[in-house]
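Because only heavy atoms are used, hydrogens play no part in the values below, and waters and symmetry mates are left out as well, while side chains stay in.
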Amino acid sequence: MQTTAPIRPSQAPAGVQSQASALLLSEAAPSAGTGQRPLLDGLTEREVALVLEKGRRRVLYRGATLFTQETPNDGIWIVESGRIRVFYAAPSGREITLAYWYPGNFVGGPDVFGAGLHKWSGMAASNSSVLHLPAKALRQLVTQIPALAIGVIDGLTFKGRCYSTLAQMLGTRSITERLAHLLLHLCDLYGVAEEDGTVIAATFTHADLAHMVGATRQWVTISLKRLSEQGVLVTRRTQIVVLRPDILAAMRGGEECA
């Protein structure tokens with residue numbers, strides 16, 4: 001179920017409220033509390049009101065589609081709340097997650113002015129609210145608001161750098177190395193220290209992890225079971241507790257662990 005409603009000037013985006021502004025597999029991914037500056041940062045109250053006047057809010061429930069690969073693009077969506085997953089689907093049906101974007105970021109590039117087709121798809125990974133700025137309205141706004149224009153350019157630059165690094169990682173690292181890197185990265189972003197290890201305090205299914213490292217769900221399940229048997233981690237329902245980050249670090253570097 002999806003609904004749309006006009007944005008009122010008083011309904012400004014909440015800003016980045018998550019632990020991370022984005023979650024990417026690439027090593028260019030930001031650490032907690034850093035990364036790409038929220039798009040509307042640096043705008044005056046009047047400029048923010050102008051943006052909101054041109055935009056429309058869209059509320060999506062978890063699993064709802066925001067835009068689809070190979071369909072015409074029409075502007076951008078600023079993430080106000082929740083988490084938006086962007087991913088590429090191959091003709092075979094296999095998917096690779098490019099990133100999870102949190103409040104303050106925008107999705108819908110690289111053709112933000114509506115000149116082409118979406119290169120990937122976007123969906124709500126959790127209940128989310130986004131502000132849609134159509135291509136025509138966005139083009140008008142960036143000519144009027146220099147800070148917004150710079151924000152769009154910075155955002156596209158950041159995404160391009162991250163996706164380039166992701167492509168390099170997928171092409172040069174084994175799946176095992178990528179899984180070890182992802183688990184350590186999740187510890188950095190969402191880790192909560194406990195007496196016996198670090199709990200990854202965020203829910204990601206085996207399928208979610210598989211889509212991020214470019215593997216199958218079955219491979220991830222088998223790999224996590226093997227790591228559990230080796231005492232590297234333990235699984236608790238929907239959470240993972242990392243016990244031996246040193247072993248994961250060695251695996252990330254290409255070392256084989258018995």
Side-chain angles (χ1 to χ4, degrees), residues 2-9 11-18 20-24 30 35-44 47-60 64-88 97-164 166:
Q2 301 174 10
T3 61
T4 58
I7 289 287
R8 293 189 294 273
Q11 295 174 308
V16 178
Q17 297 178 345
S18 178
S21 59
L23 170 60
L24 308 98
Q36 182 61 34
R37 188 178 70 171
L39 181 61
L40 300 187
D41 267 17
L43 274 65
T44 66
E47 290 169 340
V48 170
L50 183 59
V51 171
L52 297 180
E53 181 183 339
K54 298 290 186 180
R56 290 183 66 86
R57 174 172 289 139
R58 184 173 177 185
V59 177
L60 304 101
T65 298
L66 182 58
F67 55 87
T68 305
Q69 187 174 316
E70 299 301 327
T71 60
N73 198 350
D74 185 23
I76 63 173
W77 291 263
I78 302 174
V79 184
E80 293 186 301
S81 65
R83 182 174 69 184
I84 301 297
R85 172 182 175 243
V86 293
F87 61 96
Y88 174 80
T97 295
L98 303 177
Y100 288 90
W101 296 104
Y102 291 84
N105 286 288
F106 69 88
V107 296
D111 297 311
V112 297
F113 297 128
L117 303 178
H118 285 293
K119 303 300 187 294
W120 41 75
S121 299
M123 62 165 288
S126 63
N127 293 344
S128 304
S129 175
V130 297
L131 176 68
H132 182 215
L133 292 176
K136 183 178 179 180
L138 179 63
R139 183 181 289 274
Q140 293 174 341
L141 287 168
V142 297
T143 63
Q144 297 175 262
I145 308 174
L148 179 63
I150 292 173
V152 171
I153 294 170
D154 285 346
L156 292 175
T157 301
F158 178 76
K159 294 174 192 294
R161 184 168 64 248
C162 290
Y163 293 165
S164 176
L166 173 62

Taking all atoms of both residues into account, what is the closest heavy-atom pair of [X] and [Y], and its distance?
X	Y	result
Pro103	Ser81	CG-CA, 3.7 Å
Leu24	Cys162	CD2-CB, 3.4 Å
Thr65	Thr68	CG2-OG1, 3.5 Å
Ser128	Arg83	OG-N, 3.1 Å
Ala147	Leu43	CB-CD1, 3.9 Å

Determine yes or no for a side-chain-to-main-chain donor-acceptor pair under 3.5 angstrom, with [X] supplying the side chain and [Y] the backbone.
X	Y	answer
Thr143	Gln140	yes
Ser129	Glu80	no
Asp74	Ala135	yes
Ser121	Gln69	yes
Asn73	Gly108	yes
Ser164	Gly160	no

Q.
Using the side-chain contact (heavy atoms from CB on, under 4.5 Å) definition, which of the options Phe67, Phe106, Trp101 pairs with Trp77?
A. Phe67
Q) Within a radius of less than 6.0 Å around NZ of Lys54, do more than 12 heavy atoms belonging to other residues, nucleotides or ligands occur? A) no
Roughly how far apart are [X] [atom1] and [Y] [atom2], rounded to 0.5 Å?
X	Y	atom1	atom2	value
Leu39	Leu133	CG	CG	8.0 Å
Leu40	Leu148	CG	CG	7.0 Å
Lys119	Glu70	NZ	CD	7.5 Å
Ile76	Leu138	CD1	CG	5.0 Å
Lys159	Leu166	NZ	CG	13.5 Å
Leu52	Ile78	CG	CD1	8.0 Å

Q: Tell me, with the steps shown, if Leu50 and Gln144 meet side-chain contact (heavy atoms from CB on, under 4.5 Å).
A: CA-CA 10 Å; Leu50 183 59; Gln144 297 175 262; 3.9 Å; yes
Q | Side chain to side chain, Pro72 and Leu117, heavy atoms closer than 4.5 Å | A | yes
Q.
Apply side-chain contact (heavy atoms from CB on, under 4.5 Å) to residues Trp120 and Tyr163 and explain how you reach the verdict.
A. CA-CA 12 Å; Trp120 41 75; Tyr163 293 165; 3.7 Å; yes
Q: Take Met123 and Phe87 through the side-chain contact (heavy atoms from CB on, under 4.5 Å) test and state the conclusion after the steps.
A: CA-CA 8 Å; Met123 62 165 288; Phe87 61 96; 3.7 Å; yes
